[in-house]
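Here is the structure we will look at.
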Amino acid sequence: MSGTGVGIGQRPQNRRQKAVKFLWIGIWLAYLSAPVGDLLHGGHSDGVVVLGWIGLVAFVAWYFALIFRTGRGETNAVVLGSVAVLATQSTVLALTLGREWLVLFVYVAISSGAALPFHLARWTVPAASALLTGVALAVPGGAAFLSGLLFPALLGGFSMTGVRELVRTTVELREARATVAQLAANEERLRLARDLHDLLGHSLSLITLKSELAGRMLPAHPEKAAQQVADIEQVSRQALVDVREAVSGYRRPRLAAELAGVRVALTAAGVTAVLPAEPDLSGVPEDSETALAWALREAVTNVVRHSGARRCTVELLRRQTLDGPAVELSVEDDGSGDQGNGPGHGLTGLTERLTKAGGTLEAGGTRHGFRLIARAPAAATTADVGSGA
C-alpha cells in the first residue's frame with residue numbers, strides 16, 4: 001500500500017489517506033448542486049434559507065459519518081437507524097423546500113447499499129426508492145424529476161452492495177494470506193526444530209560414547225584412544241555440516257548412508273547390529289526415503305541412549321497394504337523398553353514427518369524389548385504425480 005492510496009478493503013492509516021478518501025467520496029456531492037442552487041436562487045425567505053442550509057449540512061455530515069464508519073463494528077440496528085435518519089431528513093427537506101431536494105434520496109439508497117449487508121440492503125434500497133417515488137408524487141412538479149432519479153437510486157444502491165461484497169472478500173483474502181504466511185513460518189520452524197533435534201541427538205550421543213571409550217582406553221591403549229578421538233573429530237565436523245544443511249533446508253538423508261552410520265553407532269555402544277543388505281529403493285519417492293532415514297536415525301539414537309540393549313535388529317521390507325505398496329522399516333532391540341520419558345520430541349517429530357510423506361509410525365514395548373515400525377509409500381501418490389512431484 002502506498003503512502004497516499006488506500007487499497008480495497010483497507011482503512012485509511014494516516015491523515016493523507018483519510019484526505020484522499022474524503023475527496024473521493026466528496027466528488028459525488030456535486031449532485032447536490034440542485035439543492036444548493038435552490039437555496040441560492042429559489043426565492044425562499046431568509047429564515048427558510050438558513051434552515052435549509054442547516055438541514056443540508058446536517059444531511060451531508062450524517063452521510064459522511066455513516067460512510068466513514070462502515071465496517072467498524074457497528075450493529076446492523078445502528079446502521080439501519082442511521083439510514084432511517086438520512087431518509088427522514090430527505091423527506092422533510094423535499095416536502096418543505098421542493099422537488100430539487102429529491103436527489104437526497106439517491107444518497108440514502110447508496111449509503112444503505114454501502115453500509116448494510118446484502119440481506120438487508122436488498123430491502124432498504126427498494127424501500128428508499130419507493131419513498132422517493134411517494135415523496136416525488138407528493139411534491140409539486142416532482143413527477144418530472146422521478147424518472148431521472150429513480151433509476152440512479154436503484155442502480156447506485158445495488159452497485160454499492162457489490163462494492164461492499166468486494167471489499168469484504170478482499171479483506172478475507174488479505175487475512176487468509178496473512179494466515180498462510182504465518183502457517184508457513186510455523187511449519188519452517190517445526191522443520192528446523194525436528195532436523196536439529198534428530199541431527200544433534202544422534203551426533204552428540206555418538207560423541208559421548210566415543211569419549212567414554214577413549215577415556216577407558218587411556219593410559220593403557222593410547223593408540224586406540226587416539227583413534228576414538230579422531231572419530232569424535234570426524235563426527236563433530238559432519239554434525240556441523242549437517243546442521244548447516246538443515247538450516248539451509250537442503251539436507252535429505254539417505255537410507256544407505258544412515259545404515260552405515262547406524263552400524264558405527266551401535267558398534268561403538270557395544271550393541272550387536274543386525275542390519276539389512278544394501279536397500280533397493282528404486283521407485284521410492286524421495287520424501288518417503290527421507291522420512292524413513294530420519295526414523296532409522298531417531299530409533300537407533302534411542303536404542304543407544306536409553307534402552308541398555310545388547311542386540312538391535314533393523315529390517316527394511318516392501319509390503320502391499322490397503323493404501324498401496326509401502327516400504328516398512330522395523331527397528332527392534334532387546335533392551336529394557338525404556339525409550340525416555342514419554343513420546344518426547346523425537347517420536348513426535350517422526351510422526352509428523354511420516355504423516356507429511358503419507359506414512360505411519362508405530363512404536364511400543366515388546367516381550368523382549370522395544371520395537372519401532374515406520375511405513376511410507378513405495379510409489380508416488382496420485383496427488384504427487386498430478387503436481388509434478
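Residue Thr272 holds its OG1 atom at 8.5 Å from CG of Asp334, rounded to the nearest 0.5 Å. Annotation: the span from Leu329 atom CG to Leu296 atom CG amounts to 5.5 Å, rounded to 0.5 Å. The CG atom of Asn302 sits 7.5 Å away from the CZ atom of Phe370 when rounded to the nearest 0.5 Å. Within the model, atoms CH2 of Trp101 and CG of Leu32 stand 8.5 Å from one another, a figure rounded to the nearest 0.5 Å. Here the CG atom belonging to Leu66 is positioned 8.5 Å from the OH atom belonging to Tyr63, to the nearest 0.5 angstrom.
A donor-acceptor pair shorter than 3.5 Å can be found between the side chains of His44 and Asp38.
Atom CZ of Arg122 has more than 12 neighbouring heavy atoms from other residues, nucleotides or ligands inside a 6.0 Å radius. Counting non-hydrogen atoms of neighbouring residues, nucleotides and ligands closer than 6.0 angstrom, the CZ atom of Arg310 reaches no more than 12 such neighbours.
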Hey, mind stepping through Glu258 and Arg263 against salt bridge (Lys or Arg N to Asp or Glu O under 4.0 Å) and telling me if it holds? CA-CA 9 Å; Glu258 289 303 318; Arg263 186 182 300 276; over 6 Å; no
- Could you give me the CA-CA distance, side-chain angles and deciding distance for Arg318 and Glu328, then say whether salt bridge (Lys or Arg N to Asp or Glu O under 4.0 Å) is met? CA-CA 6 Å; Arg318 287 179 180 259; Glu328 180 180 284; over 6 Å; no
Check your understanding: Checking salt bridge (Lys or Arg N to Asp or Glu O under 4.0 Å) for the pair Arg375/Glu362: CA distance, chi angles, key distance, verdict?
Key -> CA-CA 9 Å; Arg375 298 184 184 89; Glu362 299 176 10; 3.0 Å; yes
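Between Val327 and Ser288 the shortest side-chain heavy-atom distance does not fall below 4.5 Å. Looking at Thr360 and Leu354, their side chains never come closer than 4.5 Å, going by heavy atoms from C-beta outward. Residues Val36 and Leu40 form a side-chain contact, since some pair of their non-hydrogen atoms from C-beta on lies under 4.5 Å apart. Residues Leu372 and Leu361 form a side-chain contact, since some pair of their non-hydrogen atoms from C-beta on lies under 4.5 Å apart.
Under a 3.5 Å cut-off, the side chain of Asp333 and the backbone N or O of Thr313 do not form any donor-acceptor pair.
In this structure, Leu39 and Val49 approach most closely via the heavy-atom pair O-CG2, 3.8 Å. Residues Ala94 and Val135 approach most closely at CB-CG1, 3.8 Å, considering heavy atoms.
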